[in-house]
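Fair warning: this is a prediction, and the values are worked out from it, not measured in the lab.
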Amino acid sequence: MITILFVCTGNTCRSPMASALLLKKWQEKNDMLKPEEVLVWSAGLYTHDDLPASLQAIEAMREEGIDISLHRSSKLRANHICEADLILTMTSRQRDEILNRFPHKSEHIYTLGEFTGNEAGEVLDPYGQDIETYRRCLFQLKLMMDRLIHKIIKLRCNN
């Protein structure tokens with residue numbers, strides 16, 4: 001089993017969108033990947049526990065056929081980092097902050113863009129923006145999730 005942790009700032013937009021999207025795409029690949037082979041979490045660097053996903057994130061994901069309306073934010077804690085096999089942030093600034101706080105996990109911490117080989121790297125922050133910005137963020141995440149799954153499959157085949 002692989003445990004993947006997505007981290008953003010507030011855990012109300014990007015990281016819950018990424019985690020829900022990964023789970024959906026993982027299920028779509030059920031001929032190669034079994035649901036019990038992955039555990040996906042999300043957390044925020046600067047948030048409070050139990051905040052709902054933003055309304056625009058819920059709407060953009062609903063358009064994708066994914067319901068994140070029950071999502072509640074989680075503040076990033078040391079146990080999240082210690083238990084995760086792969087920690088993926090939305091920006092290099094978030095990655096660097098986690099690396100500074102948890103240097104012993106450096107081989108597990110990447111931006112989503114760098115891990116998936118996306119030169120654009122940073123995931124657009126839609127917080128407080130209109131629905132179109134959330135759709136652009138979702139489109140970016142979809143491209144990265146496809147690459148992420150392909151990389152996980154490739155890594156599993158090499159082990």
Side-chain angles (χ1 to χ4, degrees), residues 1-27 29 33-58 60-61 64 66-118 120-128 134 137-138 140-156 159:
M1 173 180 300
I2 184 170
T3 301
I4 300 171
L5 172 64
F6 289 103
V7 180
C8 67
T9 304
N11 194 222
T12 60
C13 304
R14 293 174 288 181
S15 58
M17 291 169 70
S19 60
L21 193 57
L22 177 61
L23 288 173
K24 178 185 180 196
K25 289 187 172 289
W26 193 280
Q27 290 169 349
K29 300 267 187 204
L33 302 168
K34 305 298 178 224
E36 64 273 8
E37 294 177 324
V38 67
L39 182 59
V40 181
W41 301 329
S42 67
L45 283 167
Y46 302 107
T47 192
H48 300 284
D49 288 331
D50 209 35
L51 298 173
S54 74
L55 294 176
Q56 296 90 334
I58 292 170
M61 295 300 283
E64 191 64 28
I66 302 170
D67 183 6
I68 63 167
S69 63
L70 298 178
H71 170 78
R72 294 296 177 263
S73 64
S74 178
K75 184 174 178 68
L76 182 66
R77 292 179 173 76
N79 68 306
H80 293 133
I81 299 296
C82 291
E83 296 173 16
D85 299 309
L86 183 59
I87 299 136
L88 300 171
T89 66
M90 303 297 126
T91 69
S92 57
R93 184 171 163 216
Q94 293 160 351
R95 177 205 57 213
D96 294 346
E97 181 165 340
I98 295 170
L99 283 169
N100 286 334
R101 288 168 54 184
F102 304 96
H104 64 284
K105 290 289 282 194
S106 62
E107 69 276 6
H108 302 272
I109 303 168
Y110 304 88
T111 68
L112 179 57
E114 73 185 343
F115 191 78
T116 59
N118 184 328
E122 309 277 303
V123 176
L124 172 70
D125 186 359
Y127 182 75
Y134 279 81
C137 176
L138 176 59
Q140 192 178 17
L141 288 169
K142 285 169 60 174
L143 294 175
M144 291 181 177
M145 288 308 126
D146 288 336
R147 292 177 178 175
L148 176 58
I149 287 177
H150 283 87
K151 186 163 185 175
I152 291 170
I153 291 170
K154 190 174 182 180
L155 289 171
R156 286 184 40 188
N159 290 333

### Task
Tell me, yes or no, whether the heavy-atom count around L143 atom CG, taken from other residues, nucleotides or ligands under 6.0 Å, exceeds 12.
yes

### Message
For T12 versus S73, what's the shortest heavy-atom pair and its separation?
### Response
CG2-CB, 4.4 Å

### Query
Looking at CD1 of I66 and CG of L138, how far apart are the two atoms once the value is rounded to the nearest 0.5 Å?
7.0 Å

### Task
Find the distance between CZ (F102) and CD1 (I87) and round it off to the nearest 0.5 Å.
8.5 Å

### Message
I need the minimum non-hydrogen distance between C82 and H104, along with the two atoms involved.
### Response
SG-NE2, 4.4 Å

### Message
Name the residue from R95, R101, R93 that meets the salt bridge (Lys or Arg N to Asp or Glu O under 4.0 Å) definition with E97.
### Response
R101

### Task
Indicate yes or no: at least one non-hydrogen side-chain atom of R72 is less than 4.5 angstrom from one of P52.
yes

### Message
side-chain contact (heavy atoms from CB on, under 4.5 Å) for D146 and K25? Distances and angles first, verdict last.
### Response
CA-CA 8 Å; D146 288 336; K25 289 187 172 289; 3.2 Å; yes

### Query
Hey, is the main chain of L39 close enough, under 3.5 Å, to the side chain of T3 for a donor-acceptor pair?
no

### Closest approach of Y134 to M17 (non-hydrogen atoms, all atoms of both residues)
O-CE, 3.9 Å

#### Entry: Shortest non-hydrogen contact between D67 and S69, atoms and distance
OD1-OG, 2.6 Å

### Query
Distance-only, no hydrogens or angles: does the K105 side chain make a donor-acceptor pair with backbone N or O of I98 under 3.5 Å?
no

### Summary
Minimal heavy-atom distance between E114 and I109, with the atoms involved, is OE2-O, 4.4 Å

### Message
If you define the side chain from C-beta out and look only at heavy atoms, does anything of L112 sit under 4.5 Å from M145?
### Response
yes

### Message
Quick one: does any side-chain atom of K24 pair with a main-chain N or O of E64 as donor and acceptor, under 3.5 Å?
### Response
yes

## Note on the structure
To the nearest 0.5 Å, atom CG of L148 lies from atom CG of L21 at 10.0 Å

### Task
Of all the heavy-atom pairs spanning Q94 and V7, show the shortest one and how long it is.
OE1-O, 3.5 Å

### Query
Between the side chains of T111 and E122, is a donor N or O closer than 3.5 angstrom to an acceptor N or O?
no

#### Entry: Note, L86 side chain near Y110 side chain (heavy atom, < 4.5 Å)
yes

#### Entry: Sidechain-backbone polar pair: R14 side chain, M90 backbone, donor-acceptor under 3.5 Å
no

### Task
Just do the side-chain contact (heavy atoms from CB on, under 4.5 Å) check on D125 and T91 with the steps written out, would you?
CA-CA 9 Å; D125 186 359; T91 69; over 6 Å; no

### Query
What distance separates S42 OG from H80 NE2, expressed to the nearest 0.5 Å?
8.5 Å

## Note on the structure
Taken to the nearest 0.5 Å, the spacing of L88 CG from H108 NE2 works out to 12.0 Å

### Donor-acceptor contact below 3.5 Å, side chain T47 vs main chain G10
yes

### Query
CD1 of I149 to NZ of K154: how many Å apart, nearest 0.5 Å?
15.5 Å

### Task
Check the surroundings of atom OH in Y127: do more than 12 heavy atoms from other residues, nucleotides or ligands lie under 6.0 Å from it?
no

### Message
Under a plain distance cut-off of 3.5 Å, with no hydrogens placed, do S74 and N11 share a side-chain donor-acceptor pair?
### Response
no

### Message
Apply side-chain contact (heavy atoms from CB on, under 4.5 Å) to residues L45 and T9 and explain how you reach the verdict.
### Response
CA-CA 5 Å; L45 283 167; T9 304; 5.6 Å; no

### Derivation and outcome, side-chain contact (heavy atoms from CB on, under 4.5 Å), residues V38 and L23
CA-CA 8 Å; V38 67; L23 288 173; 4.3 Å; yes

